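As the structure lists them, so they are numbered: ligands from 1, and atoms in each ligand from 1. Everything numeric here is computed off the predicted structure, so don't read it as measured data. In this chain, residues are counted from 1 in sequence order.
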Amino acid sequence: MLYHVRMDVRLPPDLDPAERADLITREKAYSQKLQRAGKWPQLWRIAGEYANFSILDVADHDELHTLLSGLPLFPYMDIAVTPLAAHPSKVGAGS
Ligand SMILES: O=C(O)C[C@H]1C=CC(=O)O1
């Protein structure tokens with residue numbers, strides 16, 4: 001199943017700089033592992049914001065929740081999920 005996910009990162013301004021750097025390093029490694037596994041096929045920065053639009057490709061809502069809640073930045077994110085269904089007008093989708 002495909003999900004469109006918006007993630008807004010809201011790190012506290014007073015977060016210890018070393019902790020902030022560690023979180024971001026771990027987040028990158030976690031997301032790149034999922035990208036290489038094909039679970040996170042699209043990742044786009046929203047221009048001008050500390051936020052992204054992502055497409056996640058997972059089995060179901062439970063896997064999505066497990067994946068998202070494992071993000072090192074999860075405690076510092078607002079996340080909006082939109083499940084995607086096939087569009088009947090898409091070329092190649094059938095008659
Ligand atoms: O920077 C972000 O948008 C948050 C998050 C998503 C992937 C990643 O490496 O960090």
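Per-residue contacts place K28 under 4.0 angstrom from the following atoms of ligand 1 (heavy atoms of the residue considered): 9 (O). Shown in contact with V9 at under 4.0 Å from a heavy atom are these atoms of ligand 1, numbered in order with element: 4 (C).
Contacts between L71 and ligand 1, counted as non-hydrogen atom pairs separated by less than 4.0 Å, are absent for every part of the residue.
When atom types are taken as modelled, the side chain of R6 and the backbone of I79 share no donor-acceptor pair closer than 3.5 angstrom. W44 contributes no side-chain N or O that, together with a main-chain N or O of I46, makes up a donor-acceptor pair within less than 3.5 Å. For the pair E63 (side chain) and V58 (backbone), a donor-acceptor distance under 3.5 Å is absent.
Only one option out of D57, L67, L56 pairs with K39 in a side chain to side chain contact (heavy atoms under 4.5 Å, CB included); it is L67. Tested against S54 for a side chain to side chain contact (heavy atoms under 4.5 Å, CB included), the candidates H4, Q42, Q35, M7 yield a single pass: M7.
The two atoms that bring T66 and Y30 nearest to each other are O-OH, 4.0 Å, heavy atoms only.
Protein heavy atom in closest approach to atom 6 (C) of ligand 1: N52 ND2, 3.5 Å. What sits closest to atom 9 (O) of ligand 1 on the protein, heavy atoms only, is S31 OG, 3.3 Å.
Residue R45 holds the heavy atom nearest to atom 1 (O) of ligand 1 of all those in E27, R45, M77, E49.
In terms of polar-atom proximity, defined here as any N/O pair under 3.5 Å, W40 makes no such contact with ligand 1.
Judged by the shortest distance from any of its heavy atoms, Y50 lies inside the 4.0 Å radius around the atoms of ligand 1.
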